[in-house]
Structure formats: C-alpha cells, structure tokens
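All chains are named by letter (A, B, ...) in the order of the sequence lines, taking the proteins before the strands, and each is independently numbered beginning at 1.
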There are 2 protein chains.
Amino acid sequence: MPLTLEDIARISGVSRSTVSRVINDEPNVSESTREKVLEVIQKINFQPNLAARGLAVGKTRVLGMVIPTGVTSLFTDPFFPLLIQGVSSACNSLDYSVMLWLAEPEFERRTIRQILYSGLIDGVIISSALNDDPIINSLAESRLPFVLIGRHLSNQQISYVDVDNRIGAQQAVLHLIRNGRKRIGTIAGPQNVIAGIDRYQGYLDALHERGITVDPDLTTFGDFTDPGGYACMRRLLEYNPDGVFAASDSMALGAMRAIHDTGLKIPEDIAVIGFDDIPQASQSLPTLTTVRQPIIREGMLAAETLIGMIEGSPEPPRHIILPTELVIRDSCDFHKGQPLRKEVILLQKQRDR
Amino acid sequence: MPLTLEDIARISGVSRSTVSRVINDEPNVSESTREKVLEVIQKINFQPNLAARGLAVGKTRVLGMVIPTGVTSLFTDPFFPLLIQGVSSACNSLDYSVMLWLAEPEFERRTIRQILYSGLIDGVIISSALNDDPIINSLAESRLPFVLIGRHLSNQQISYVDVDNRIGAQQAVLHLIRNGRKRIGTIAGPQNVIAGIDRYQGYLDALHERGITVDPDLTTFGDFTDPGGYACMRRLLEYNPDGVFAASDSMALGAMRAIHDTGLKIPEDIAVIGFDDIPQASQSLPTLTTVRQPIIREGMLAAETLIGMIEGSPEPPRHIILPTELVIRDSCDFHKGQPLRKEVILLQKQRDR
DNA sequence: AAATAAATTGGGAGCGCTCCCATATATAAT
DNA sequence: ATTATATATGGGAGCGCTCCCAATTTATTT
C-alpha cells in the first residue's frame, strides 16, 4: 500500500532516478525540480523503503547490540540500561538505528549468528562477553565490523572500548589502605569476564604495592549482584575485615546490608568501596564510596567507533580505555567517625593503550 | 561477498527456487534433495539475506520498541529494562528481532515517524507514552500494527497491555487504612501518563470508599524518580502524615530516606507503600510494602499481541489488563512496632476488560 | 498399458531502491 | 554559428529473495 519512488516520480512528473537524487540530497538536480519533488514528498508524507535501499546499497544503517543475559542479573543493575542509552544516543545523532538482542542462555549461539550475518545489520556491539565466547572468534573471522565493550585479552586485532578497571580498583584499595585499614577483603566479580578479572588484579596490585600479603580468606567471588554481594560479605565477616572492596556497586550495597545485619557500623568498623557509581550509590545509607565509570560514554564511543569502522577506510583496530574516578562518600571515611559529606573526586589521567 | 541462494543452488545442483523451499521448510521437496541442499547450507554456513526477503515478502520479522526518555528517569528504575527483557524474550522465542528507539526529546517526532514507516519493522510497541502523544494518533491512522504499554483513554480501537493500576493502588491504600492510619498522603505520579493518573485515582477511590475526606495538603505529585519522591515527602512531612502511598517504588524509597532524615521511624511513625516491586524494594531498610506488577509479562504479552496482529487475521483491538499483587513487607506493619517478617501476598483476581 | 493425478523442479517476474550509462538540455568557449 | 563542456534527466540492470506458473518427473488409477 505504501507509495514508492515510482509513484512520487509519476505525481511530480519526473523520473524515479530524479526522485532518488532528491531524497539522497545528491547534486545535479535543478533547484526547480528539487523543490517540486520535495513538495510532493512532503504532502504525501512519503518514506522510502529502507529494506529496499538496504538491498540495493548493501548497508542498512542498523547496528546490532548483543547483551548476554545470565552473565549478571541483567537489569537489576543499571549498567546495561545506561550502556544501551549511550549506544542509542550516538545512533540517534548519526542516523543509525539499533537492534537489540538479549542473548538468553537457551537462545543458542547459532540463532545469534543467523541474525548477525543476515545482512540486517552493518555491524555489532558485543557487551561484556565471556572472554572465551566463541561468538567473538567467529566474528573475528567474518567480515562484519564489531566492537567489544570490555577489552579482549588475546586477540589484538579486535576493537574495544573499556574503562581502566585495573587502575580504578587499585586506586580504590589504595584509598582503603591510606584510610588506615589493615584487613582489606574483596568481593571480586566472576573471573570469566574481563571486568571481573581486571578489578581483582587491581585489588592485588594495591596490596602488593604496599607490601601487604594477600589473605585468601579475605577473597570472595560474587556474581556482580546484590544478593551475591550479601552472601560473600557474610563469609568475609568470619575473618574480621576492616575494609572491603567490591567489584560492583550492587555487590557493595548487598555487602553493606550484610554488615548492617550483624550490627557492625560503616565506616567505623568496616569501610566499603564499590565500583560503577550507579545512582543508588549516592542514595544508600551511608552513601557509598565507589569508582565511577562513564557508562553512557562507553556506549556512545562504542557506537561511534563501530560506525567509523563501517563507513571509514580500513583502520587499525581501536582500543579505547576510559579513565575512572574515585568518588569518595561516607562508606569509607578518612577521618574515622565523622563522615566528610562532600564528594571528593580524584581525577585520574586518561590512558590510551 | 556473502553467498546467495543462487550460489547454493549451483553448488548443490538444484535451482534457486528449490533452495528457497528448503530454507523456508516448505513442502513439495523430495527428501533426497532436501538433505543434499541442507548439507551444502550447513557446510557453507549460509545465511539468507533478510533485507532481500523483507523486500520480497513485505515483512521483516522485526518489531520496533519506542521508549520516550524524559518521561521518567529512564533507566534508574528497572521498569524499562524489565519491559525490554519481556519483549525481547517473546521475540526470541517467536523468531522476531527487536529494534529499540529511545526517543530523546531532541530527537524529534518526525525522525521517529521516518523510521516507523520505512518498512524496516512490521509493528511497534510504544511504552508509556504521554496520553496525548501525537505519535499515537498518527499510528492509529496508519496501517502499521502497534500496541501500547499502558492503556489509552480515548481511542478504544487501540490495543494495549496494562496492569490494573487503579485497583492496585486502591488495595494499597485500603491496606494502610486497615492498618489504622488516619492521615494518609500520596506521592502521585505525573498526571500526563496513564499510570500516574490511574494510581492517583486508586488512592482517591480507597479514601472515598471509607468516607475519608481528601486533604489536598497530603497530595503531592512526583516524577516517578527517587529524588522526586524525596522532595515530595519533605513537603508532606509538614502536614504530619502517618501513612504514604507512593506511585512508584523509586519514589517510595526516596520518601523513606526523607522520613529517615527527619528522625521519624518506619513503620512506627509513618507507613510507606510503593508500587512496582522492583528488586530494591525487598532490599531496603525496612523492606518496602508494595504493589507488584508483572513487568516482564507485560512486555511478553505486548510482543505476543503485536505479533498476533501482524500475522493474524484482522482481530478486534485487544485490551489486556493484568492483575497486581499487594506484597506486604516491613514498611507498613499491621501490628505496630513488631514487623511481620514474612511476605504475605494477597492475590487479586484477574480482570480482563 | 495408457491415462490421469500428484508431487517435484525450474525459471520468469517483481518487491523498491541505487547505480551506471545514455540521452537531453543548458551553458561556456571557440 | 559551431563545437566543446557542464549540468539535468531518464531508463535499464541488478541487489537477493519469494511467488507464481509452466514443465518435468513420479505415483496412482483404470
């Protein structure tokens, strides 16, 4: 039922080709016909068929975004929503659309592949994949441009956007040490995701830097979720930590509940630092000291990088590492007993590897 | 570079048409050729071009999902993420893909329309639009199937999925009344979104039902966000409420912080009930009594309904209203002073208008 | 066995667009 | 004027698929 180029052409008394030129803002159309055609398009409210254009041109101006569920409690944590917001925002301004796949575990890899290579999308953003996910190697071998959110260990040919998780974590733990904490535990993230690995390494880095021996009893591994953080903290509490670095704010908030439930005080008895700076971090009681990462910017940069790859000449793979900031709030107080209310933000220099 | 039907046909020694039949699982292909062709497809890892199919068939098996940002603090609240999860999940199992548009305010309506009518999507789900959003009338006049999340007041021809916000809110307030609360305030939602309107009406319904006069001082209007709830609660506190119904959990959590900050006790001094049952509701201190709505199911139903409209015969518009449940936790205690820890869930009968 | 029916297969046309090239028209240079 | 050049315009071909119909093969019936 919808009209076609040919219809518009007939109505405005020109040819299909001319209408196409007008729509695509190409040169070599006289001002008078351009106006005439535009007028008809406006009046009829004509929209060219993008599927047909996609077929003809081989590009759809659609980006895919794949988010594995199951890695974390997908949407309890605002990480993914914010990431999507960033991607979507960049796409909006660059005239791209975004197609979203929440890759449920049951929803097998094969199906994903089916969609990726079906010509519906020009490129794809893969978020926080397991670092050995076969989909990545499969993509690397294909011709489809893609960008990872979260760096990739082995293959240097792969473009990615990430934050400096390791340095961020290290700064957090150093802060705890400066704060006078002696028994600093960690609730690390899963060790099959790069963010989990890097943040744990940052924790170790800080301890090593200050010559503190790592106590295995003070190390637990959660799943980035609040209940996971709660459970880990209960285990840690048996070993009397006086400071805890959690690899996500959700886990930190869960940990704070666990501490609260045993009657201990934060930060007097135990200091807590999280990672992410989700909105709840500034609304908890006490407010949570955390490592802020610019999630929306990550999403935007990933989209922009991908679009660059799609449209641009063949460039070398891009590795973008964004800096983090330590946001100091009440859960980890330098002067014991009297929280500093103001937020001190330590800016960290940007590093681009 | 990717292969086409014709290539597969050549390799397996049959015709394009036969390959097409095999791929689409059509009858009238002999078992032997079917196997032969399937083998080639498997080996080559062939993926048919969906843009081409879309052109030929006039359907893309892609759903659009439009979420207006700006209406609420989009992603602080897990409402939209869960909704997306529901939609995505239904799409996964019905072999559809979902295209997401976060309609930023600057991102004008025209652009959205451009995309909607471009033949890239077979239908669209519009979430929590303002109830006078011109996009809805525009859609209603078009031929594009669409489903609203959140009912529509004026046009009965429009299909939607919603929860029974009004009854849910009413139940919550009745619970406060049964609880012995005398001065029950509300932090209502914005009155240009149907959920905001209905939940406020439910509050009024409950008061009227029990013959309680409505005190305008005890009515405030927030924006569904936590800081909004905090601000509203501060205003309410000047009028000494002993119970508050907030139209979203985020606002309820903000309200609890405001109450806490003035040194009052929950539920002893003020009882609080929220709406949504987001994960944080069961992790707050005290845990939050709230009206649970099945967000993921809403998303799934919306997608299923829409796909039904796309594929099915012309049916009458579907109006699906899901029931809510009152989840009783500690923030609103029946026996003053001694919280009942266990969650009592009052099931409400399903109503389908 | 022939005649009929049913199942299988192939190829043309077309979905709505872009791209390329040929043609027509306007402009500039000789 | 005449040729050369730049600018506008139209139409064919083709992107990779599905759909339809004709042709071929196979199975069933008389």
Side-chain angles (χ1 to χ4, degrees), chain A residues 1-38 40-41 44-62 95 114-115 117-122 143 311, chain B residues 1-38 40-41 44-62 95 114-115 117-122 143 311:
Chain A
M1 198 63 125
L3 299 182
T4 73
L5 276 196
E6 207 85 46
D7 296 320
I8 303 300
R10 195 163 16 77
I11 296 172
S12 43
V14 295
S15 79
R16 173 169 44 88
S17 305
T18 303
V19 178
S20 173
R21 286 190 194 97
V22 171
I23 285 180
N24 295 299
D25 229 11
E26 280 171 22
N28 295 338
V29 179
S30 75
E31 236 5 85
S32 60
T33 49
R34 188 185 296 276
E35 271 172 31
K36 190 171 53 183
V37 173
L38 276 177
V40 174
I41 290 178
I44 310 271
N45 205 343
F46 170 74
Q47 300 298 344
N49 181 315
L50 293 187
R53 174 182 292 169
L55 219 209
V57 119
K59 301 244 182 266
T60 57
R61 296 190 80 85
V62 176
D95 192 27
Q114 227 169 56
I115 300 164
Y117 303 130
S118 66
L120 261 192
I121 56 175
D122 292 345
R143 207 161 299 278
E311 296 184 347
Chain B
M1 198 63 124
L3 299 181
T4 73
L5 274 196
E6 206 86 45
D7 297 320
I8 303 300
R10 197 161 16 78
I11 296 172
S12 45
V14 295
S15 79
R16 175 169 41 92
S17 305
T18 303
V19 178
S20 172
R21 286 190 193 95
V22 171
I23 284 180
N24 294 300
D25 230 10
E26 280 171 22
N28 295 336
V29 179
S30 75
E31 238 3 86
S32 60
T33 49
R34 188 185 295 275
E35 273 173 29
K36 192 170 53 182
V37 173
L38 277 177
V40 174
I41 290 177
I44 310 269
N45 203 343
F46 170 75
Q47 301 298 343
N49 181 314
L50 293 187
R53 174 182 291 167
L55 219 208
V57 120
K59 301 243 183 267
T60 56
R61 297 190 80 85
V62 176
D95 192 27
Q114 227 170 57
I115 301 166
Y117 303 131
S118 66
L120 262 193
I121 56 175
D122 293 344
R143 204 161 302 277
E311 296 183 348

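- Side-chain atoms of Thr4(A) and Asn49(A), non-hydrogen and from C-beta on, never get closer than 4.5 Å to each other.
- Contact annotation: Thr33(A) does not reach the phosphate of dA8(D) (side-chain N/O to OP1 or OP2, under 4.0 Å).
- Neither OP1 nor OP2 of dA8(D) sits under 4.0 Å from any side-chain N or O of Ser30(A).
- Between Arg21(B) and Arg34(B) the shortest heavy-atom distance is O-NH1, 4.5 Å.
- Separating the CG atom of Asp25(B) from the P atom of dC17(D) is a distance of 17 Å, rounded to the nearest angstrom.
- One interatomic measurement links the two molecules: OH of Tyr117(B) to P of dC17(C), which rounds to 17 Å at whole-angstrom precision.
- Expressed to the nearest 0.5 Å, how far CD1 of Ile41(B) lies from CD of Gln47(B) amounts to 9.5 Å.
- Neither OP1 nor OP2 of dA6(D) sits under 4.0 Å from any side-chain N or O of Asn28(A).
- Taking atom CD on Glu31(A) and atom C1' on dT27(C), their separation rounds to 17 Å, with Å as the unit.
- For Glu6(A) and dC17(C), the CD to P distance is 9 Å, given to the nearest whole Å.
- Put simply, the side chain of Leu5(A) reaches to within 4.5 Å of the side chain of Ile23(A), judged on heavy atoms.
- Protein atom CZ of Arg10(A) is 13 Å distant from nucleotide atom P of dC17(C), rounded to whole Å.
- For the atom pair CD (Glu6(A)) and OG (Ser17(A)), the distance works out to 8.5 Å, reported to the nearest 0.5 Å.
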Dot-bracket encoding per residue of DNA chain C, Watson-Crick/G-U cut-off under 3.5 Å, | denoting interstrand = .||||||||||||||||||||||||||.|.

Contact pattern, 5' to 3', of nucleotides 10-16 of chain C - B, S or - by protein heavy atom under 4.0 Å | BBBBBBB

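- Ser12(B) meets the side chain to side chain donor-acceptor pair (under 3.5 Å) test with no other residue; sequence neighbours excluded.
- Counting to the nearest Å, the C1' atom of dT18(C) and the CD atom of Glu26(A) are 8 Å from each other.
- How far CD1 of Ile44(A) is from CG of Leu3(A): 6.0 Å, rounded to the nearest 0.5 Å.
- Among all heavy-atom pairs drawn from Asn24(B) and Arg53(B), the shortest one is OD1-NH2, 3.3 Å.
- The main-chain N or O of Leu120(A) is found under 3.5 Å from a side-chain atom of Thr60(A) such that the two form a donor-acceptor pair.
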